[in-house]
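Below, chain A is the first sequence line, B the second, and so on; all start at residue 1. Owing to the predicted nature of the structure, the values given are computational and were not obtained by experimental measurement.
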Protein chains: 2
Amino acid sequence: MGAAAQRAEAENEEWAGVTPDAARRLVSAAVAAFAERGYHATTTRDIAGRAGMSPAALYIHYKTKEELLYRISGIGHEKALRIMGAAAEAEGGATERLADAVRTFARWHAEHHTTARVIQYELQALGADHYAEIADLRRRTDRLLRGIIQDGADSGEFRVDDVPGTTLAVLSLCVDVARWFSADGPRTPDEVGALYADLVLRMVGARTAPATE
Amino acid sequence: MGAAAQRAEAENEEWAGVTPDAARRLVSAAVAAFAERGYHATTTRDIAGRAGMSPAALYIHYKTKEELLYRISGIGHEKALRIMGAAAEAEGGATERLADAVRTFARWHAEHHTTARVIQYELQALGADHYAEIADLRRRTDRLLRGIIQDGADSGEFRVDDVPGTTLAVLSLCVDVARWFSADGPRTPDEVGALYADLVLRMVGARTAPATE
DNA sequence: CGCGCCGCTGAGCAAGCGCTTAGCGCCCGG
DNA sequence: CCGGGCGCTAAGCGCTTGCTCAGCGGCGCG
């Protein structure tokens with residue numbers, strides 16, 4: 001199997017929960033197109049074409065183009081929330097949990113940078129109702145991360161002056177990976193995760209340096 | 001003068017170098033529209049309307065809508081490069097220069113967040129030639145920041161394992177301010193600059209804590 | 001006072017947009 | 001072997017888009 005085919009298969013697996021097959025192919029095609037050109041520059045003909053169908057077929061599975069973006073955003077943000085939740089609720093001290101959160105969160109944004117780009121940078125194209133739903137998922141992700149950092153500050157593991165500000169910065173750092181990351185670049189998603197975990201532990205003034213590996 | 005009028009005046013001053021007046025009003029209107037809805041979702045009628053003219057007037061001053069974006073991008077990136085250059089070439093140790101660079105760079109992205117949003121997140125809408133020109137300005141900004149961090153690493157002021165990676169993260173952090181910053185939010189641009197300078201000095205393991213103010 | 005020029009407008013063109021509809025062919029239960 | 005329904009397509013509708021162009025008005029100069 002070629003590299004391109006492998007990538008296509010991996011992208012398809014990401015949307016395994018979407019059925020039937022035609023709907024999944026449409027989601028996969030839309031993510032690729034939205035990430036490449038942006039939501040507004042992408043036409044329904046382009047999405048349908050990438051999925052190997054006629055433009056009209058799109059409307060059997062989704063009411064509008066915006067609903068496609070909404071579905072993508074929902075699934076993507078739920079995945080991001082689950083990643084943050086797993087780290088936040090894990091056993092261990094704040095240092096380990098923060099390192100794990102940043103490592104996995106940043107790595108996901110690198111590995112799935114096309115999906116991440118869409119869900120992080122095309123939000124404004126959502127309708128007001130859909131935006132509100134997604135904004136709630138984002139607030140919950142923020143709250144989980146803030147909880148870890150607050151724990152570390154309370155226990156004395158971290159030295160942070162401004163917990164909400166630092167949380168915002170950490171989240172911003174991880175999210176922005178989706179903007180600059182390229183699969184052709186010099187860094188693997190694992191390396192980005194490791195680098196970012198290290199940088200963030202320094203940002204919060206964690207007392208014990210983690211194993212640099 | 002009302003707050004809205006004051007903001008409008010401040011936005012207009014930002015483009016003082018653009019003449020004649022009608023061309024400046026168009027740039028100002030385009031920045032506002034592009035930042036609010038994105039380049040592709042903004043119509044020439046919308047831009048002209050905000051500038052108080054008919055759609056046709058736009059084409060007396062700019063050949064295409066894309067040229068407007070190019071002009072905005074060029075001026076904005078040159079400003080960003082100048083900010084970074086001023087900090088990089090200043091007297092003083094790497095710690096002071098890095099703190100100054102991050103403080104002013106992040107503050108600019110907060111204060112001029114509409115302009116910054118356009119130049120940082122609408123790049124893909126540029127034509128290939130124009131994109132290449134802008135990409136060069138961005139590389140030069142990156143190189144200046146990397147120089148400061150490298151200096152600190154060489155002199156022993158900083159402890160950084162991965163200079164290009166850390167540079168990328170610092171730049172990413174500052175740039176992403178444009179995405180989340182809101183004038184209605186709890187933080188002033190000065191506060192963002194101060195917070196970010198502090199966080200970045202920790203990221204590079206600067207030995208001496210700077211004056212917290 | 002009148003004339004030319006220049007910034008601008010009103011009207012509109014071709015193209016492409018999101019989305020709809022009528023109908024085709026294949027698959028499956030009887 | 002047939003008939004109904006479902007996933008899909010070809011065609012195209014109404015509208016908006018970026019952009020054009022003929023001509024108007026008012027200001028400066030002679």
To the nearest 10 degrees, the angle between the two end axes of the helix from C/dC1-D/dG30 to C/dG30-D/dC1 (five pairs per end) comes to 0°
Residues passing the side chain to side chain contact (heavy atoms under 4.5 Å, CB included) test with A/Ala57, sequence neighbours excluded, are A/Met53, A/Ser54
Within residues 63-76 of chain B, the residues having a heavy atom closer than 4.0 Å to DNA chain D are B/Thr64, B/Lys65
B/Arg146 meets the salt bridge (Lys or Arg N to Asp or Glu O under 4.0 Å) criterion, sequence neighbours left out, with B/Asp142
Sorted by chain and number, sequence neighbours left out, side-chain hydrogen bond (donor to acceptor under 3.5 Å, both in side chains) with A/Glu66 holds for A/His130
Its 5'-most and 3'-most nucleotides having an atom under 4.0 Å from a non-hydrogen atom of chain B, DNA chain D is contacted over D/dT17 to D/dC21
Protein-proximity profile, nucleotides 8-14 of chain C, B/S/- by nucleotide at the 4.0 Å heavy-atom cutoff, equals BBB-B--
Closer than 3.5 angstrom, by distance alone: can the side chain of A/Tyr70 be matched with the main-chain N or O of A/Ile134 as a donor-acceptor pair?
no
In this structure, CZ of B/Arg117 is separated from CD of B/Glu122 (nearest 0.5 Å) by 10.0 Å
Margin query: If the threshold is 4.0 Å, N to carboxylate O, is there a salt bridge linking B/Asp100 and B/Arg97?
Written below: no
Residues pairing under ring-ring contact (aromatic ring centres under 6.0 Å, His included) where one sits in residues 164-199 of chain B, two or more places apart or in two chains, turn out to be B/His113-B/Phe181
Those residues at least two apart in sequence (or on a different chain) that pass side chain to side chain contact (heavy atoms under 4.5 Å, CB included) with B/Arg107 are B/Thr104, B/Glu111, B/Pro189, B/Asp190
Please tabulate, one pair per line, all N/O donor-acceptor pairs under 3.5 Å involving side-chain atoms of residues 167-176 of chain A, not counting sequence neighbours.
from: A/Thr167; atom 1: OG1; to: A/Val163; atom 2: O; distance (Å): 2.7
from: A/Ser172; atom 1: OG; to: B/Asp176; atom 2: OD2; distance (Å): 2.6
from: A/Asp176; atom 1: OD1; to: A/Tyr121; atom 2: OH; distance (Å): 2.8
from: A/Asp176; atom 1: OD1; to: A/Arg179; atom 2: NE; distance (Å): 2.8
from: A/Asp176; atom 1: OD2; to: A/Arg179; atom 2: NE; distance (Å): 3.3
from: A/Asp176; atom 1: OD2; to: A/Arg179; atom 2: NH2; distance (Å): 2.7
from: A/Asp176; atom 1: OD2; to: B/Ser172; atom 2: OG; distance (Å): 2.6

Residue pairs passing the side-chain hydrogen bond (donor to acceptor under 3.5 Å, both in side chains) test with at least one member in residues 79-91 of chain A, sequence neighbours excluded, are none
Between the CG atom in B/Asp136 and the NE2 atom in B/His77, the distance rounded to the nearest 0.5 Å is 11.0 Å
Residue set satisfying salt bridge (Lys or Arg N to Asp or Glu O under 4.0 Å) with B/Glu78, at least two apart, ordered chain then number -> none
